[in-house]
**Q** 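One structure coming up, written as structure tokens, with questions to follow.
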Protein chains: 2
Amino acid sequence: MVGRSARLASLAVLRIGTLNVNGIRAADRRGLRQWLAEHDPDVLTLQEVRAEPDLIPEGVFDGYHLSCDAGSLKGRNGVAVLSKAKPLDVRTSMGAKEFAAEGRWIEVDLPELTVASLYLPKGASPDDAERIEAYHRKMRYLPALARHLTKARRAAAKAGREFLVTGDFNIAHTENDLKNPKTNRRSPGFLAEEREWFSQILGPRTLTDVVRALHPDQAGPYSWWSWRGQAWTNDAGWRIDYQLASRALADAAVTGGTYRDPSYEARISDHAPVVVDYRV
Amino acid sequence: MVGRSARLASLAVLRIGTLNVNGIRAADRRGLRQWLAEHDPDVLTLQEVRAEPDLIPEGVFDGYHLSCDAGSLKGRNGVAVLSKAKPLDVRTSMGAKEFAAEGRWIEVDLPELTVASLYLPKGASPDDAERIEAYHRKMRYLPALARHLTKARRAAAKAGREFLVTGDFNIAHTENDLKNPKTNRRSPGFLAEEREWFSQILGPRTLTDVVRALHPDQAGPYSWWSWRGQAWTNDAGWRIDYQLASRALADAAVTGGTYRDPSYEARISDHAPVVVDYRV
DNA sequence: CTTATAAGG
DNA sequence: CCTTTTAAG
């Protein structure tokens, strides 16, 4: 991933990024502002904003329109879409009443694109008796989301827009999507039922995992590393942040990957931004 | 206040310090360990340890006996006495049942000295309707403490020991004991009733404010500065941490004051150590 | 403004 | 291990 200055100005490229900020206030302290200035995406979707809009530090999002669903749980969840273009419409429901007002879904209509920011529940292991309800909640979220993705994609097509869902799915799809697949078979985020669900929402006529399509056979690029232990240093990461695009948009992707600064100091969050350039 | 290395080894001097650490774990991160190594007190009393003994970072108190009363409220209060000499007896009650198990009082018998560490409730302004109970609690604490001080001092005398009570009294005694007396007449810690109580526990035959006796007319030396605003930079402090000594011990004090490192970086806590050298 | 806590990740 | 909250200072 290179800075925008490296692109030829004459190429019309739409740069879209997604980032779980793990608290917008913490991410600002850790340099999100500088990252934004340097990489200058046209759209940046955020997850885990963890603040009402009026608690977002002054000036972080200068130059962008901010669409935000903070949800009703103080200091938790919260999704947003930053866009240089002015949104034509903003919707925050993904259909299921149980998950309304959780700050996990926002979709924004831009002139030729509907873009969504998703923060899917992390869930839990089915083996963890104490947290079994978190497992079941995620299992209820998945089919509800699948239904809404189909609906939203079709609605966008009908309106003549491409459709892009971005964000933190809290699921690594294949063995290439995490450093240690063997030891994580029973871990939330790499359960068979989660991976099957993920396979099911993808397809040539539905949604394409853009970064994987650009890098079909490599391990990663990971987008999340636990804060604990040496996960970052050892690149013991997971690819759980995605851009899933409708056909024509996916085909327009020219470069894409995870922005992982080599210096620990530049770590904005436990997630790294996933950025794709689309030639439009 | 100079490092121990500056003293002649042939002078028999007992160095006693008191410090509200505002969390022993934070104070360790901020350099308490180095301060201890450099200043090498024979006794250091602590307040606001805010941790059970087994949560105290490994090795901070190497070379000292640790006597501790963490109290029953997790992460709150907690007093301790570090001593190079082995304690002969340790007591943690100051008589009032209401304030037992709060982690606000510990007294330790050393061979010729009983030394106590006190963390007196901060209280509140009588004008603050929401916190009026905190005001009343402090008002109940004061007479109970006064009674116990008399008792403990007499018991020490009977056992042939000097008596020293150290710690955070959360009261500035006179106008010389805080930077802004005019604007703090209604502030907890400088209320008339608190200051009168303080006057009443002092006396030539009872207890002497050692640092004030060494520096009778100066403003300060302050021992606490709010974290907020520019209090530290402007030296807008309060002298609320004391060493109150029985007659002979007070007369043995040779130097004493507040250790305030000029560099902000060296600030161990919102309080500074109050250190006195006693020629014994 | 800082320290703890608790729950959540 | 980090971020939030809440309470306390």
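So you know, we letter chains A, B, ... as the sequences are listed, proteins then strands, and number each from 1. Small disclaimer: the values here were computed from a predicted structure and weren't measured.
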**Q** Taking B/R185 as the fixed residue, which of B/E194, B/E193, B/E175 is the one that meets the salt bridge (Lys or Arg N to Asp or Glu O under 4.0 Å) rule?
**A**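 Exactly one option meets the salt bridge (Lys or Arg N to Asp or Glu O under 4.0 Å) with B/R185, and it is B/E175.
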**Q** Is B/R140 salt-bridged to B/E133, cutoff N-O under 4.0 Å?
**A**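 Yes, charged N to carboxylate O under 4.0 Å.
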**Q** Grab the CG-C1' distance between A/L73 and D/dT6 for me, whole Å please.
**A**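 My rounded result for the distance is 16 Å.
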**Q** Please name the residue in the list B/D241, B/N170, B/D168 that meets the side chain to side chain donor-acceptor pair (under 3.5 Å) test with B/N20.
**A**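 Only match with B/N20 under side chain to side chain donor-acceptor pair (under 3.5 Å): B/D168.
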**Q** Less than 3.5 Å apart, which donor and acceptor atoms pair up between the side chains of residues 68-77 of chain B and the rest of the protein, not counting sequence neighbours?
**A**
residue	atom	partner	partner atom	Å
B/D69	OD1	B/G71	N	3.2
B/S72	OG	B/A101	O	3.0
B/N77	ND2	B/E102	O	3.1

**Q** Reading nucleotides 3-9 of chain C from the 5' end, what letters show protein touch, with B for base, S for backbone sugar-phosphate only, - for no heavy atom under 4.0 Å?
**A** BSSS-SB
**Q** From the options A/Y242, A/W105, A/Y141, select the one residue that forms a ring-ring contact (aromatic ring centres under 6.0 Å, His included) with A/F169.
**A**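 Single pass found, and it is A/Y242.
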**Q** Using 4.0 Å as the upper bound for N to carboxylate O, is an ion pair formed by B/D28 and B/R33?
**A**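 Between B/D28 and B/R33 there is a salt bridge, with a charged N closer than 4.0 Å to a carboxylate O.
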**Q** Could you give the CG-to-P distance, from A/D28 to D/dT4, as a whole number of Å?
**A**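 Distance check: A/D28 CG to D/dT4 P gives 11 Å.
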**Q** Can you measure B/W232 atom CH2 to C/dT2 atom P for me and round it to whole angstrom units?
**A**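 It is 13 Å, rounded to the nearest whole Å.
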**Q** For the pair made of CD in A/Q47 and C1' in D/dT4, what is the distance, rounded to whole Å?
**A**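 Whole-Å distance recorded here is 17 Å.
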**Q** Give the rounded distance in Å between these two atoms: CG of B/L32 and P of C/dT2.
**A**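 Result: 18 Å.
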**Q** Between the side chains of B/R260 and B/D235, is the shortest nitrogen-to-carboxylate-oxygen separation below 4.0 Å, so that they form an ion pair?
**A**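 Judged by the 4.0 Å cut-off on N to carboxylate O distance, B/D235 and B/R260 do form a salt bridge.
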**Q** Between P on D/dC1 and CG on A/N234, what's the gap in Å once rounded to a whole number?
**A**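 These atoms are roughly 13 Å apart.
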**Q** Apply side-chain contact (heavy atoms from CB on, under 4.5 Å) to residues B/Q47 and B/R104 and explain how you reach the verdict.
**A** CA-CA 8 Å; B/Q47 302 83 39; B/R104 294 186 176 274; over 6 Å; no
**Q** Between D/dT5 atom C1' and A/E52 atom CD, what is the distance in whole Å?
**A**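 Result: 13 Å.
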**Q** For DNA chain C, report each stem as range with range, ordered by first number, or say none. Use Watson-Crick or G-U wobble pairs under 3.5 Å, at least 3 in a row.
**A**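 If one scans DNA chain C for consecutive Watson-Crick or G-U pairs, the stems found are C:1-4 with D:6-9, C:6-9 with D:1-4.
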